[in-house]
Participant: 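Sending over a structure as structure tokens; questions will come in a sec.
In this text, all values refer to a predicted model and were calculated from it rather than measured experimentally. These numbers come from the heavy atoms of this one structure, side chains and all, not from hydrogens, waters or symmetry mates.
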Amino acid sequence: MSQDSREVDNVLLVTCDSLRYDTWKQMQDTLVAGPRLEQTGVSFERAFATGPGTTPSFPAMLTGTLPLSYGGLGPLTAERPSVASLLGDRGFATGGFHSNPFLSTHFNYDRGFDEFEDYQNPLMGVATKVFPRGIEINNPWLERVDDRINLTGFIKTAYRAVASKPRPYVSAEVITDDSIAWMADADDPFFCWAHYMDVHHPCHPPSEHRAAFGVEHVDIDTVSELYSRLLDDSASLTDAEMTDVRRLYRASIAYVDGQVARLLEALESSGRLDDTLVVFTSDHGELFGEHGQYGKPERMYDELIRVPLVVVNGPTDLSAAADELLSLVDLPPLFHRATGRDVPAEYAGRYPEPGARDHVVAEHEVRGDSIVGVRSDSWLYEIDDILDETRLTDLDSGQVVSPESHDGDELRRVQRVATQRISDVGADGRSSDDRRLNPDVEARLEDLGYR
């Protein structure tokens with residue numbers, strides 16, 4: 001892998017759900033792909049997601065816009081730009097591979113992709129133990145069986161009947177296998193997006209990874225039960241159970257890291273690695289007791305919105321921005337610039353370079369109520385209509401302080417940006433989407449802890 005001034009042909013975006021920046025950095029000595037990426041690319045130490053969850057984060061990376069623009073969260077509207085469409089219009093083959101229901105065709109994330117596998121239909125559920133890619137009836141004999149006895153319907157009914165549900169997403173091997181196969185068949189230039197869910201609850205990597213972290217005794221049903229208690233009654237977890245939760249999280253990170261290494265090896269063996277912009281990042285982190293909370297509350301803590309970001313084979317001038325504030329909304333302009341394409345005006349992000357940013361914006365909404373956070377070097381200012389309060393955090397001390405007792409240009413700037421953004425969000429209007437999701441998607445969202 002090389003860093004030089006020439007343009008690359010291809011883009012590989014690799015995203016890992018729920019991966020915390022600090023945990024990933026602490027684990028580098030135990031990883032394979034992570035150190036390779038950092039040694040050969042540019043690691044951005046102050047990269048931030050545009051929200052503390054999947055739904056407010058991915059509009060930045062895949063549409064180049066802030067999440068509460070264009071009517072807010074929910075299915076992507078036709079007016080919102082699409083990175084896949086804009087690159088496709090410029091001659092790219094486009095492929096996407098993931099199994100997060102919020103990023104599925106049900107939410108219009110397939111727009112612009114030539115091939116889009118979200119593994120949503122039919123429901124995987126119990127069948128993930130039998131069919132690693134989900135309940136796929138793609139065999140003529142199985143199709144005839146299914147016509148006679150409705151095999152898929154039976155499995156779905158059985159899934160809904162059981163109390164403890166297995167992992168509601170396909171394994172990292174499936175994402176890796178299918179991404180590698182698609183890239184092998186795709187002509188240059190291509191844009192490939194591979195998203196791994198294994199670091200998201202319920203964390204249950206293969207047995208060899210659990211054994212390496214001392215949690216081989218924890219089965220999938222126990223994982224689900226532990227995580228439910230963590231969110232509902234964290235005090236009920238013993239110290240040993242909390243240790244298991246943390247170790248499972250780290251074991252899952254190591255597992256996914258091995259799959260990322262496979263992606264890099266496949267590109268290298270095909271002779272395409274040096275001509276591919278590789279971007280590795282996460283959509284958000286996870287709280288494990290920090291600030292007295294767990295999971296992904298609607299807050300803009302660094303543990304939630306600070307994410308790993310490593311770029312390999314990018315333009316030479318990227319290294320000058322390694323210590324700059326950077327938002328994930330800045331990735332789409334990078335995709336275009338690195339491949340020699342003009343940056344579309346529709347993008348809200350900025351190409352990473354010194355002085356490009358003095359703040360980042362993160363936002364979320366719950367049932368039409370918004371929260372907007374603006375983070376600079378020293379301050380985090382949040383306007384929270386969900387809790388009907390404003391908060392100012394001194395990032396040097398980590399303490400919430402009174403705005404009236406502090407002053408300065410930087411503070412006034414973040415307050416002004418947040419006030420303008422909350423006003424823009426209100427004027428933009430929240431377009432609630434009332435269409436009913438199919439039961440499979442609803443069930444999987446529940447299993448993932450979203451509902």
Participant: After noting the C-alpha distance and the side-chain angles of E7 and R341, does the key distance pass the salt bridge (charged side-chain N to carboxylate O under 4.0 Å, His left out) rule?
Facilitator: CA-CA 10 Å; E7 297 165 356; R341 272 67 176 182; over 6 Å; no
Participant: Compute whether any side-chain donor of one residue and acceptor of the other, for D17 and H195, lie under 3.5 angstrom apart.
Facilitator: yes
Participant: When you check the side-chain N and O atoms of D317 and Y351, is any donor under 3.5 Å from an acceptor?
Facilitator: yes
Participant: Please list, one pair per line, the donor and acceptor atoms closer than 3.5 Å that link side chains of residues 320-329 to other protein atoms, with sequence neighbours excluded.
Facilitator:
residue	atom	partner	partner atom	Å
E324	OE1	G355	N	3.2
S327	OG	V329	N	3.2

Participant: Are H98 and Y196 linked by a side-chain donor-acceptor pair shorter than 3.5 Å?
Facilitator: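 Distance-only check fails for H98 and Y196.
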Participant: Specify whether H291 and Y301 have parallel, tilted or perpendicular ring planes, treating 30° as the upper limit for parallel and 60° as the lower limit for perpendicular.
Facilitator: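 It falls in the parallel class, under 30°.
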Participant: Okay, side chain of S423, backbone of T419: is any donor-acceptor separation there less than 3.5 Å?
Facilitator: no
Participant: If you define the side chain from C-beta out and look only at heavy atoms, does anything of E365 sit under 4.5 Å from I371?
Facilitator: no
Participant: If only side-chain N and O atoms count, and only distance matters, is there a donor-acceptor pair under 3.5 Å linking D283 with T54?
Facilitator: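 Distance-only check passes for T54 and D283.
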Participant: Within the 4.5 Å heavy-atom criterion, are E382 and V372 side-chain neighbours or not?
Facilitator: no
Participant: If you define the side chain from C-beta out and look only at heavy atoms, does anything of V311 sit under 4.5 Å from F44?
Facilitator: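 Yes, side chains in contact.
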Participant: For the aromatic rings, using the six-membered ring if either is Trp, is the centroid distance between F107 and F102 under 6.0 Å?
Facilitator: yes
Participant: Residues in salt bridge (Lys or Arg N to Asp or Glu O under 4.0 Å) with R413, at least two apart?
Facilitator: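 Only D358 meet the salt bridge (Lys or Arg N to Asp or Glu O under 4.0 Å) criterion with R413.
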Participant: Which heavy atom of V170 sits nearest a heavy atom of D198, and at what distance?
Facilitator: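 Nearest pair, atom of V170 first, then D198: O-OD2, 4.3 Å.
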Participant: Measuring centre to centre across the rings, with the benzene-like ring taken for any Trp, is F113 within less than 6.0 Å of W182?
Facilitator: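 No, they do not, as the ring centres are separated by 6.0 Å or more.
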Participant: Considering all heavy atoms of both residues, which atom of L334 and which atom of P315 are nearest to each other, and what is their separation?
Facilitator: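 Looks like CD1-CD, 4.0 Å.
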Participant: Do S69 and R421 have side-chain atoms, one donor and one acceptor, less than 3.5 Å apart?
Facilitator: yes
Participant: Classify the side-chain pair E45/Y21 by whether it contains a donor and acceptor separated by less than 3.5 Å.
Facilitator: yes
Participant: What's the verdict on side-chain contact (heavy atoms from CB on, under 4.5 Å) for F97 and F116, showing C-alpha distance, side-chain angles and the deciding distance?
Facilitator: CA-CA 6 Å; F97 304 88; F116 187 81; over 6 Å; no
Participant: Is any side-chain heavy atom of R272 less than 4.5 Å from a side-chain heavy atom of F190?
Facilitator: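 Side chain of R272 against side chain of F190, heavy atoms only: contact under 4.5 Å found.
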Participant: Side-chain donor-acceptor pair under 3.5 Å between R299 and Q293, yes or no?
Facilitator: no
Participant: Please report the interatomic distance CG(L387) to CG(D369), rounded to the nearest 0.5 Å.
Facilitator: 9.5 Å
Participant: How close do T339 and D9 get, heavy atom to heavy atom, and via which atoms?
Facilitator: CG2-O, 3.8 Å
Participant: Once you round to the nearest 0.5 Å, how far does CG of D388 lie from CG of D385?
Facilitator: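 Answer for the CG-CG pair, D388 versus D385, is 7.0 Å.
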Participant: Compare all side-chain heavy atoms of M61 with those of P332 and state whether any distance is below 4.5 angstrom.
Facilitator: no
Participant: Would you tell me whether Q259 and R262 have side-chain atoms, one donor and one acceptor, within less than 3.5 Å of each other?
Facilitator: yes
Participant: Decide side-chain contact (heavy atoms from CB on, under 4.5 Å) for L12 and F191; before the verdict, give the C-alpha distance in whole Å, the side-chain angles of both, and the deciding distance to 0.1 Å.
Facilitator: CA-CA 6 Å; L12 171 61; F191 170 66; over 6 Å; no
Participant: Drop me the distance from L62's CG to L13's CG, to the nearest 0.5 angstrom.
Facilitator: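 Answer for the CG-CG pair, L62 versus L13, is 6.5 Å.
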Participant: Give, for atom CD1 of I175 and atom OG of S179, the distance between the pair rounded to the nearest 0.5 Å.
Facilitator: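 One gets 6.0 Å once the value is rounded to the nearest 0.5 Å.
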Participant: Would you name the heavy atoms of L73 and P56 that are closest together and state the gap between them?
Facilitator: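 Where L73 meets P56 most closely, the heavy atoms are CD2-CA, 3.9 Å.
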Participant: Quick one: CG on L37 to CG on L31, what's the gap to the nearest 0.5 Å?
Facilitator: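 Reported to 0.5 Å precision, the distance equals 10.0 Å.
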Participant: What about the rings of F288 and Y249, do their centers lie closer together than 6.0 Å?
Facilitator: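 Here the rings of Y249 and F288 have centres that are less than 6.0 Å from each other.
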Participant: Which is it for T276 and V11 under the side-chain contact (heavy atoms from CB on, under 4.5 Å) test, yes or no, and what are the steps along the way?
Facilitator: CA-CA 5 Å; T276 300; V11 178; 5.9 Å; no
Participant: Is the backbone N or O of H284 less than 3.5 Å from a side-chain atom of S57, with the two atoms forming a donor-acceptor pair by type?
Facilitator: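 Looks like no, no N/O pair under 3.5 Å.
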Participant: Ignoring hydrogens and angles, tell me if any N or O in the side chain of S82 forms a donor-acceptor pair with the backbone of R111 under 3.5 Å.
Facilitator: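 The answer is yes, because a donor-acceptor pair under 3.5 Å joins these two groups.
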Participant: Using a distance-only test with no angle check, is there a side-chain donor-acceptor pair under 3.5 angstrom linking T393 and W379?
Facilitator: no
Participant: Output, in order, the C-alpha distance, side-chain angles, deciding distance and verdict of side chain to side chain donor-acceptor pair (under 3.5 Å) for E286 and H201.
Facilitator: CA-CA 10 Å; E286 183 105 354; H201 158 75; over 6 Å; no
Participant: Any side-chain heavy atom of P202 sitting closer than 4.5 Å to one from Y169?
Facilitator: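 A side-chain contact under 4.5 Å exists here.
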Participant: Apply side-chain contact (heavy atoms from CB on, under 4.5 Å) to R391 and L380, showing your working.
Facilitator: CA-CA 8 Å; R391 295 179 294 272; L380 168 64; over 6 Å; no
Participant: Regarding S43 and E38, is there a side-chain donor-to-acceptor distance under 3.5 Å anywhere?
Facilitator: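 Result is yes, a qualifying pair exists.
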Participant: Using side-chain heavy atoms (C-beta onward) and a distance below 4.5 Å, is F58 in contact with T15?
Facilitator: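 F58 reaches T15 side chain to side chain.
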Participant: Do you know the tightest heavy-atom contact between A194 and L263?
Facilitator: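 Where A194 meets L263 most closely, the heavy atoms are CB-CD1, 4.4 Å.
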Participant: Can you run down the salt bridge (charged side-chain N to carboxylate O under 4.0 Å, His left out) pairs that involve residues 75-95, sequence neighbours left out, and say none if there aren't any?
Facilitator: none
Participant: For a quick check under 3.5 Å, do D22 and Q26 share a side-chain donor-acceptor pair by atom type?
Facilitator: no
Participant: Is the shortest side-chain heavy-atom distance between S99 and D118 below 4.5 Å?
Facilitator: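 Counting from C-beta outward, S99 and D118 never come under 4.5 Å.
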Participant: Find the distance between CZ (R306) and CZ (R20) and round it off to the nearest 0.5 Å.
Facilitator: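 The CZ atom of R20 is 11.0 Å from CZ of R306, to the nearest 0.5 Å.
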Participant: Please walk me through it: do R357 and D330 pass salt bridge (charged side-chain N to carboxylate O under 4.0 Å, His left out)?
Facilitator: CA-CA 10 Å; R357 285 194 170 279; D330 300 330; 2.8 Å; yes
